[in-house]
There are 2 protein chains.
Amino acid sequence: MLALLDSTYAGWDARPMIHVSAALLHRQIVAVFTCWGMAADAAAAAADVMVETDLSGVDSHGIGMLPHYQRLFAEGRLDPKAAPVVLRDNPCMVLVDARHGLGHVAALKAMELAIEKARQSGLGLAGVTGSNHYGAAGYYARMAAGHGLLAISLTNAPSPLLVPVFGREAALGTNPIAFAAPTAAAERPVLLDMATTTVAYGKVSIARRAGKRLPEGWALDAEGRPETDAAVAAEARRLAPLGGSREQGGHKGYGLALMVEILCATLTGAQASAQETGHFFLVIDPGFFRSTDAFQGDMAALLARLRGITPVDLAQPVLIPGDPEHAALERRRAAGIPLVPTLVEEVRAVCAQCGAPFLLGDGSA
Amino acid sequence: MLALLDSTYAGWDARPMIHVSAALLHRQIVAVFTCWGMAADAAAAAADVMVETDLSGVDSHGIGMLPHYQRLFAEGRLDPKAAPVVLRDNPCMVLVDARHGLGHVAALKAMELAIEKARQSGLGLAGVTGSNHYGAAGYYARMAAGHGLLAISLTNAPSPLLVPVFGREAALGTNPIAFAAPTAAAERPVLLDMATTTVAYGKVSIARRAGKRLPEGWALDAEGRPETDAAVAAEARRLAPLGGSREQGGHKGYGLALMVEILCATLTGAQASAQETGHFFLVIDPGFFRSTDAFQGDMAALLARLRGITPVDLAQPVLIPGDPEHAALERRRAAGIPLVPTLVEEVRAVCAQCGAPFLLGDGSA
């Protein structure tokens with residue numbers, strides 16, 4: 001997500017960050033998932049997604065989610081042993097039942113099937129039902145872009161946080177939209193990955209810990225009025241849809257979140273009442289419409305036109321969605337992934353709970 | 001569009017509106033298109049789209065566009081005689097070349113083909129290249145919903161208006177996203193139809209004519225800074241992406257507009273340099289994943305949950321996207337379509353230019 005850089009967790013914790021390598025983080029995640037009874041290949045694949053997400057700077061959706069997955073597991077909502085099964089299948093569509101496993105596992109299978117269908121038919125749609133949190137939506141879209149394909153990745157989220165315009169109560173999740181488009185440099189696709197709220201809940205928590213006021217348009221109080229006190233907003237757990245108020249286009253963010261809900265949950269049969277999550281993946285092979293050269297040439301011209309726009313501030317050029325993630329990836333591959341000590345302690349607790357070895361050091365490194 | 005009600009043109013003109021019936025408006029549009037040399041069936045079909053759009057309260061995209069189409073015709077950018085042709089075709093995808101005809105004609109054909117494919121294969125994607133303005137994006141999505149299908153309708157727009165975050169210059173159109181989902185009451189689908197800018201340019205013009213200041217987050221000045229003086233903003237022709245500033249999520253609106261640009265223009269081969277427009281239609285048959293009863297039951301439960309949210313103001317309940325359009329449709333079917341005298345005069349001029357009979361009265365009715 002464009003919003004999330006290395007500074008995501010600034011203000012969480014006054015102690016210095018520790019830095020871990022991608023390989024170590026991967027071993028730690030696999031160790032936990034293995035203790036939970038997850039099959040070896042599923043554990044490794046889910047850890048791939050989470051580590052790549054941390055490498056990309058999307059701290060909110062990588063290892064940072066492990067304590068949440070632990071809670072889902074403890075509550076019996078997450079079955080780490082579940083293997084996803086195909087419920088419906090035709091040459092361009094497939095419906096996968098995650099059987100309450102970790103979302104990453106079913107999502108990877110679904111996206112692989114959608115890619116295969118797009119290669120055969122030009123177009124592939126995979127729905128996933130009965131699932132859980134699948135990490136960062138953008139990961140799956142980027143998978144397809146790596147194969148020269150266009151992709152959309154959507155997920156609903158069962159925790160109500162988004163307050164529809166004119167309402168007082170949260171009724172939808174932060175229901176993200178991710179989109180990726182391949183470029184000639186396959187490892188640097190266009191990559192949009194955005195919540196349909198103005199900000200993710202984590203940004204409100206961060207402002208609360210840092211003692212900062214929120215801008216208007218981020219959060220609401222318990223009566224549905226704009227709230228700029230971060231402590232009150234963090235308590236109320238009510239986020240404004242992208243746009244903020246009605247006057248600022250908040251009905252559009254709400255409408256997009258509803259679209260995601262319908263495509264992910266209503267279309268696939270994921271049940272809100274059972275706190276199920278559903279996912280939606282669409283993959284398009286541009287080669288069915290145009291030659292790869294023509295498509296890539298026009299992509300390059302479009303991106304060059306955007307990068308060529310005169311910026312307001314010469315020190316801050318116009319970005320292409322995905323630029324911050326690509327920059328974080330390069331930086332963190334070299335310097336390691338920064339973790340706040342609070343998170344390291346939470347991972348230690350997760351390990352203690354299931355008997356997995358704790359590999360991230362003592363937090364003072 | 002949720003934003004556009006009968007008050008869209010309030011402030012344009014101090015004179016009273018005239019009201020015309022849908023049937024009269026249809027005859028007027030067909031008379032003009034016929035004089036331009038459009039085939040009878042194409043003229044009637046395009047007029048259907050435009051009149052339905054006016055009935056739905058989306059004044060900016062119905063008869064209000066006729067003077068613009070006249071300019072495109074006069075400049076040789078619009079060929080009213082062009083018949084769209086299929087360039088590529090497989091069981092779930094089709095690419096249509098509009099051959100620079102009116103967008104509505106190619107869009108109707110493309111959406112019909114996408115619906116047919118979705119019925120056969122569960123999924124249909126239609127791209128349109130070499131096109132012009134196609135009216136309201138939502139019209140085509142609603143067509144599919146009327147058949148019990150889910151649909152997305154996107155179009156790029158060759159007039160640069162949207163300023164990417166951090167930039168000073170407009171680089172993308174207002175690139176709208178429309179989505180429709182069927183409900184048990186087929187004539188009242190969920191219908192989202194939104195520009196990816198905070199507001200359409202027309203809202204800035206309206207504020208200028210009314211002498212009102214703009215809220216921040218709508219428009220920018222020639223240096224890319226927020227502009228609240230409507231006269232300056234109308235002159236600068238620079239709109240903020242949905243969200244407004246970077247802090248308020250403007251990078252998300254920009255990212256969505258770029259997604260629409262890639263899916264409509266880069267994917268289909270519509271050339272920005274030649275001011276071509278492209279469209280993208282995706283249709284999904286939910287019956288491939290679930291029974292109609294199960295899907296409709298969950299849709300009804302979701303919408304009831306949203307309508308049941310306690311509102312901030314009891315006089316303004318939470319809406320479902322599409323509610324304002326459905327309400328306008330009922331109102332205007334009974335009372336007629338209100339037209340500002342300025343527009344009636346513009347239509348008279350369009351008629352005079354091509355020799356079509358002017359049917360809307362003398363503007364004083």
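We use all heavy atoms of the structure for the numbers below, so side chains are in, but hydrogens, waters and symmetry mates are not. Lettering of chains follows the sequences in order, A, B, ..., and the numbering in each one begins at 1.
When heavy atoms are compared at a cutoff of 4.5 Å, B/L95 approaches chain A by way of both its backbone and its side chain. Neither the backbone nor the side chain of B/Q296 has a heavy atom closer than 4.5 Å to any heavy atom of chain A. Looking at A/L220, neither its backbone nor its side chain comes within 4.5 Å of chain B, counting heavy atoms on both sides. When heavy atoms are compared at a cutoff of 4.5 Å, B/A294 does not approach chain A at all. With a threshold of 4.5 angstrom between heavy atoms, A/T129 does not approach chain B through any atom at all.
The shortest side-chain heavy-atom distance between A/L258 and B/V190 falls under the 4.5 Å cut-off. Residues B/F289 and A/L125 meet the side-chain proximity criterion, which asks for heavy atoms closer than 4.5 Å. Taking the side chain as every heavy atom from C-beta outward, A/I284 and B/F280 approach each other to under 4.5 Å. Inter-residue side-chain proximity for B/L319 and A/V165 is flagged as unmet; no heavy-atom pair is nearer than 4.5 Å. Side-chain contact between B/M93 and A/D285: absent, with no pair of heavy atoms (C-beta onward) separated by less than 4.5 Å.
Here the straight-line distance linking atom CG of A/L302 with atom OG1 of B/T266 works out to 5.0 Å at 0.5 Å rounding. With values rounded to the nearest 0.5 angstrom, A/I152 atom CD1 is found 7.5 Å from B/L282 atom CG. We find the CG-NE2 distance between A/L242 and B/H251 to be 8.5 Å, quoted to the nearest 0.5 Å. To the nearest 0.5 Å, atom OG of residue B/S273 and atom CZ of residue A/R305 are 9.5 Å apart. Rounded to the nearest 0.5 Å, atoms CG (A/L306) and OH (B/Y254) are 4.0 Å apart. Atoms CZ and CG, from B/F179 and A/L263 in turn, are 4.5 Å apart once rounded to the nearest 0.5 Å.
Across all their heavy atoms, A/V318 and B/P164 have their closest contact at CG1-CB, 3.8 Å. Heavy atoms only, all atoms of each residue included: B/I309 and A/A171 are closest at CD1-CB, 3.4 Å. For the pair B/K252 and A/A195, the tightest heavy-atom approach, listed with the atom from each and the gap, is NZ-O, 3.1 Å. In terms of heavy-atom proximity, A/P317 sits nearest to B/F166 at O-CD1, 3.8 Å. Across all non-hydrogen atoms, the minimal contact from B/R168 to A/P311 is CD-O, 3.2 Å. Between A/S121 and B/C92, the shortest heavy-atom contact is O-SG, 3.6 Å.
Among the candidates B/I177, B/V163, B/L192, B/L303, the residue making the largest number of heavy-atom pairs closer than 4.5 Å to chain A is B/L192.
Residues passing the side chain to side chain donor-acceptor pair (under 3.5 Å) test with B/R225 are B/D221, B/E223, sequence neighbours excluded. With sequence neighbours left out, the salt bridge (charged side-chain N to carboxylate O under 4.0 Å, His left out) criterion links A/D298 to A/R290.
No side-chain donor-acceptor contact under 3.5 Å links B/Q248 and A/T198.
Within 6.0 Å of CD on A/E169 lie more than 12 heavy atoms contributed by other residues, nucleotides or ligands.
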